[in-house]
Amino acid sequence: MPTSDHIIELSVIVPTYNEHPNVIPMIESLEQALGDHKWEVIFVDDDSPDGTAKQIREIARRDPRVRIVQRVGRRGLSSAAIEGILASSAPFCAVIDGDLQHDEKLLATMLETIKKEDLDIVSGSRYVEGGGLGDWHKSRARISRLATRLSQAVLHAELTDPMSGFFMIRRSTFEKRMHNLSGIGFKILLDIFASSKEPLRYRELPYEFRTRQAGESKLDSQAAWEYFMLLLDKLIGHIVPVRFVAFTLVGGVGVIVHMFTVWLMLNHMDTTFTIAQTTATLIAMTSNFAMNNILTYRDMRLRGWDWIKGWISFTLACSVGALGNIGIATYIFAQDTTWVLASLSGIIVGAVWNYAVTSVYTWNKPKAA
Ligand SMILES: Nc1nc2c(ncn2[C@@H]2O[C@H](COP(=O)(O)OP(=O)(O)O)[C@@H](O)[C@H]2O)c(=O)[nH]1
Ligand SMILES: [Mg+2]
C-alpha cells in the first residue's frame, strides 16, 4: 500500500516547446519553491526539435517527481495545459511557463490561498498592486491591454489579468468545465473563465513578469489570429464550429485571388478565358490550402511531404466540391428561383462538402482537447 508520503497534492503543469536550456533551472527552482510540499511536475512537450522531451525523460528516470507527456504532430499552449491537467490526479494543478518568466515562488502562497479561502482558482496578475510587466516593450504591453479589454466580451469575472498563463486550479472545478473548453491558442485562463456559467471563486496575486534568459518566445503574429478564434468560439462556437468560420473566411480570400488572377491573365497576358479560369482555379486552391494550413489548422500544420500529400487531397476534395456546387446550383436554378439563391445554395453545399472532407482527409490528426 502506498503511504501518504506518495500522495501528490499539487501537479505543476509546464507546457514546453524548445525549452531545452530552461528544463534543469526550472526543476531546480520548483524544488526550492515547493520544498516539503507533495508535488510533481508534468511537462507537456510538443515534440520540440531541440530534444526537450528526451532530456526531461532522462531526468524523470531518476526523479519520480518529474513526468513528461509528449505530443506528436500537435501544437498549442492551451491544449497542452489541458492535457497536462488531465494526466494528473492531484487535487490541485498549477500551470506555469517553462521559460522562468513566471515567478514560481508564488506557487506555495497560491496553494495556501486556494485551500484556506476555499477558492476555485488563484491566478498570478501583472496588473494588481505589487505586480509588473518586467521589461516588456511598450508596444507589447499596449497589445496585451487591448486584448484584455476585448476579453470582457466573453469573461464573466472582473479579472485584472485574464491573459495570464500562470494560475492554480482545483481539480473539481476543472472537471466541471473541461467539456466546454475551446483549447484554442494561448489563453487557457481566459478559456476556463469564459467556459463557466456560474461565477468562479477566485483571487489574483501579484507577480513580476521576468525577462526570458534562454530560448525564444513562440508568440508570433498568428497569436492574434488564435486569440480572435478563441473569442469567436466562446461567442458563437455552440452554433457553428469556429474552424468552419475560418475555412469560410479563407474561401472568401480565395475568391478575390481567383478574380484577380483571371483579370491579370485576360488583360495583361492575352490568354484565353479557359486558360485564365483554369490557372486561377489552381492558384486559388493552392493559396486556400496554404492559408487553411497556417490559420484554420495551425495546431496540426502539415510540413514537407505531408504538405504535398495534403495539397493533393485538398485539390481533389475541392474539385468534387465544385462539381457538387455546380450541380446543386443548376438544379435549384431550374426550379424557377432567382440566380442569386441558386448560386448561393451551390456555394454553401460546396463549402460544407470541402470543409467536411478536408477536415477528415487532409488534416486528419487528432483534434485538440
Ligand atoms: N506544449 C507547447 N508549449 C508551448 C507552445 N508554444 C509555447 N509553449 C510554451 O509556453 C510557454 C510560454 O511561451 P512563450 O513563447 O514564452 O510565450 P511568451 O512568454 O508570451 O513570449 C513556454 O514554456 C513555451 O515553451 C506549444 O505550441 N506547445
Ligand atoms: Mg515566455
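Order of appearance sets the numbers: ligands from 1, and atoms from 1 within every ligand. All figures in this text were calculated on a predicted structure; none of them were measured in a lab. Every heavy atom of this structure was used, including side-chain atoms; hydrogens, water molecules and symmetry mates were not.
Atoms of the protein (N, O or S only) found under 2.8 Å from the Mg ion (ligand 2) are D99 OD2, Q101 OE1.
Under the 30°/60° scheme for interplanar angles, the aromatic rings of W363 and F314 are found to stand perpendicular. The aromatic rings of F247 and F244 lie parallel to each other, their planes meeting at an angle below 30°, with 60° marking the opposite boundary.
The closest approach between R74 and ligand 1 stays at or above 4.0 Å for every heavy atom of the residue.
Here the protein heavy atom with the shortest distance to atom 24 (C) of ligand 1 is E19 OE2, 3.2 Å. S217 OG, 4.1 Å is the protein heavy atom nearest to atom 17 (O) of ligand 1. The shortest contact between atom 28 (N) of ligand 1 and any protein heavy atom is with D46 OD2, 2.6 Å. Atom 18 (P) of ligand 1 has its closest protein heavy atom at R140 NH2, 3.7 Å. Among protein heavy atoms, the minimum distance from atom 10 (O) of ligand 1 is reached at L77 CD1, 3.0 Å.
In plain terms, the two heavy atoms of A246 and T296 that are nearest each other are CB-OG1, 3.7 Å.
A centroid separation of less than 6.0 Å is found between the aromatic rings of F193 and Y202.
Distances between N or O atoms of A80 and those of ligand 1 include no value under 3.5 Å.
Considering CZ of R203 and CG of L159, their distance stands at 13.5 Å, rounded to 0.5 Å.
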